[in-house]
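Below is one structure, written out as structure tokens, with a few remarks after it.
Throughout, numbering of the chain's residues begins at 1 and tracks the sequence. These values consider heavy atoms only, across backbone and side chains, with no hydrogens, waters or symmetry-generated copies.
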Amino acid sequence: MAGIRSPHRSLLPFALAVGAGLFLRLDQLASQLLLEDEWHAVYRVVHDAPMAVFLDFGHSDSSIPLTLLYLAEARAVGLSELAMRWPLVTAGIATLVLFPWYVARHVGRAEALLFAALLAISPLLYFFSRMARPYALTLLLVYVAHVAFRRHCRAATPRRSDAALYATSAALAAWLHPVVAPFVVAPFVPGVWRGLRGAPGERRAAFVRLAVPALLAGIPMAALLAPPLLAHPESLGLKSGIDLPRTDTLIGIWFGWFGTGSTVAAAVCAALAIVGAPVVWRRLPEAGSLLAGVALCASTIVATRPAWIGNPLTLGRYLLPVLPLLLLATACGSLRIARSIRAAMAARGAAGALSNGVGAGIAAIPLAALAATTPLAPLLARPNGESQHLLYQFDFRPGRNPVITHLAAIPLSPWWATLADRPPASLAIAVAPFPTESVGWDAPRWERLSRQRVLSGFLTPLCATARVNEVPDDARFDFRNAVHIADANALAAARIDYVVWQKPYRYVARGIDVMVAADVAACGPALRARFGAPAYEDEWLTAYRVSSDARR
């Protein structure tokens, strides 16, 4: 890592780091199914008018502006998976480029290079950049808001554009996900502190300068957040006063932020982050305001006790702006140690090439440790349309991930393994019923065993009434990784080779004992009437071969 010796003059290393991040975020993106919380907005597109969306955060926690965008897309061109995800993919790519660029200007080029590489392989940033949820966009907006606020309040001559940029970023971030509101108002904390510490004659000017972004951001935030809070206060109230982080939550969140299931890798990176924290504090102008945001958000969590906050993944989402700071501190700590060792070796007369090589190796330790233990490796298998499955992200520590146990309890038909002798991704298989939660959707294992592409099959209107994780078969929806199995044209357009009926089964795992898909048990005969004799059947599933005429 030549940047240890002098500022890097070539863009090639940065391009490689950003390119790696782009590859991960775009890999098989078009084939990803909608899973878990991504469906929250879809429910509202199906059932609600725009004004109803504007006036309610929803008990299922849908992002109001994203849902309004999806409503517009559904009416204009038909809502697809990519149409739902493009704002988040764009924000994730912007983060990959802009964050290291800003760090290079204020902290150092070598630090920015290593920081870019750590951002590129960060599992949480990977998931959130591909997820139809607001997290990738709010992360970008939080940092834009802090930079714009600092530039407005600390400039010799304030510019209106900086205040307007802060106000726009802060209001939009809070509207997208109210959880981040403490982060976007946090810059006022050090701003007020500096004003109070100033000379008496300077205080008035300081507070007048603070009043401008306060009004510019406060008015639109009130206009956007007050209506749903007043119209449906129960939407947020029902999710409050429920849970608090536990000891394991506070431990597990570090594995999530660093993106590893290895205790050794997490400990090494945490130690490096401690070493690098003073460098971040001195050189990054927004370090103080961002830490104020962490304190405000943590206090809000304790006060409101939101649902599911005991899960490390949920707490990691609430405190997501910590992640870039932590990775930057890790990069700074690694380079700080590497430079010290290099200087010591040079002082003892070691050859320049040797000391530089040792320094570069030490600097690369966190990148190597996290890359070697990344939980993203299984997601690179082809095909894999299930990257948003909770199996991969609930907890990066396998022993702490209950989804593994849940999926292991789902009965597995030997039919899936028989498809592995076909070329990978040469078959498209629509499976029904599609469950409401991914812990009942064993598609990661089906795809791994068969090496074939699995899509979600919608039963309506073949035999079932409207189901939660299904949409009407009309022009508002243009999903490419789900298909209405009653629609012959849709089966042909998706080039479906098999329709698979996953039979109802008893689910027993971690104290849960229920019948799965009992509500659609009567659909089995309807599928047989629709497709004729099955190509395969056992006690767990029935597979129907779709005729070549239908595929054509």
Which is it for R25 and D27 under the salt bridge (Lys or Arg N to Asp or Glu O under 4.0 Å) test, yes or no, and what are the steps along the way? CA-CA 6 Å; R25 283 148 183 78; D27 179 53; over 6 Å; no

Decide if the gap between the ring center of F149 and the ring center of Y166 is smaller than 6.0 angstrom. yes

Under 3.5 Å, is there a donor-acceptor pair between the side chain of T374 and the main chain of A377? no

T249 (side chain) donor-acceptor with R246 (main chain) under 3.5 angstrom: yes

Over 60° means perpendicular and under 30° means parallel, so tell me whether H146 and Y143 are parallel, tilted or perpendicular. tilted

Got L55 and M51 here, is their nearest side-chain heavy-atom distance under 4.5 Å? yes

With Q388, which of E36, R133, Q393 fulfils side chain to side chain contact (heavy atoms under 4.5 Å, CB included)? Q393

I'd like to know whether CZ of R209 has more than 12 heavy-atom contacts from other residues, nucleotides or ligands below 6.0 angstrom. yes

Under a 4.5 Å cut-off applied to non-hydrogen side-chain atoms, are W39 and V471 in contact? yes

Verify, without hydrogens or angle tests, whether T260 (side chain) and P375 (backbone) share a donor-acceptor contact under 3.5 angstrom. no

Charged N to carboxylate O under 4.0 angstrom, R160 versus D162? no

Atom pairs and distances, side-chain donor-acceptor, residues 174-182, under 3.5 Å, sequence neighbours left out:
none

Less than 4.5 Å apart, any side-chain heavy atom of M345 and any of S340? no

Measure up the Y392 and H389 rings against each other and bin them: parallel (under 30°), tilted (30 to 60°), perpendicular (over 60°). perpendicular

How about S438 and L391: do any of their side-chain heavy atoms sit closer than 4.5 Å? no

Could you pull out all donor-acceptor pairs under 3.5 Å where a side-chain atom in residues 304-319 meets a protein atom, sequence neighbours excluded?
residue	atom	partner	partner atom	Å
T304	OG1	T300	O	2.7
T314	OG1	W308	O	3.1
R317	NE	Y135	OH	3.3

Would you call I121 and L376 a side-chain contact if the rule is heavy atoms closer than 4.5 Å? no

Lys/Arg N to Asp/Glu carboxylate O, R105 vs E111, below 4.0 Å: no

Could you check if a side-chain atom of P285 sits within less than 4.5 angstrom of a side-chain atom of Y102, using non-hydrogen atoms only? yes

A52 backbone acceptor or donor facing R44 side chain under 3.5 Å: yes

Taking G58's backbone N and O only, do any of them form a donor-acceptor pair with S62's side chain (distance below 3.5 Å, no angle check)? no

If we ignore hydrogens and angles and just use 3.5 Å, is the side chain of Q32 paired with the main-chain N or O of L29 as donor and acceptor? no

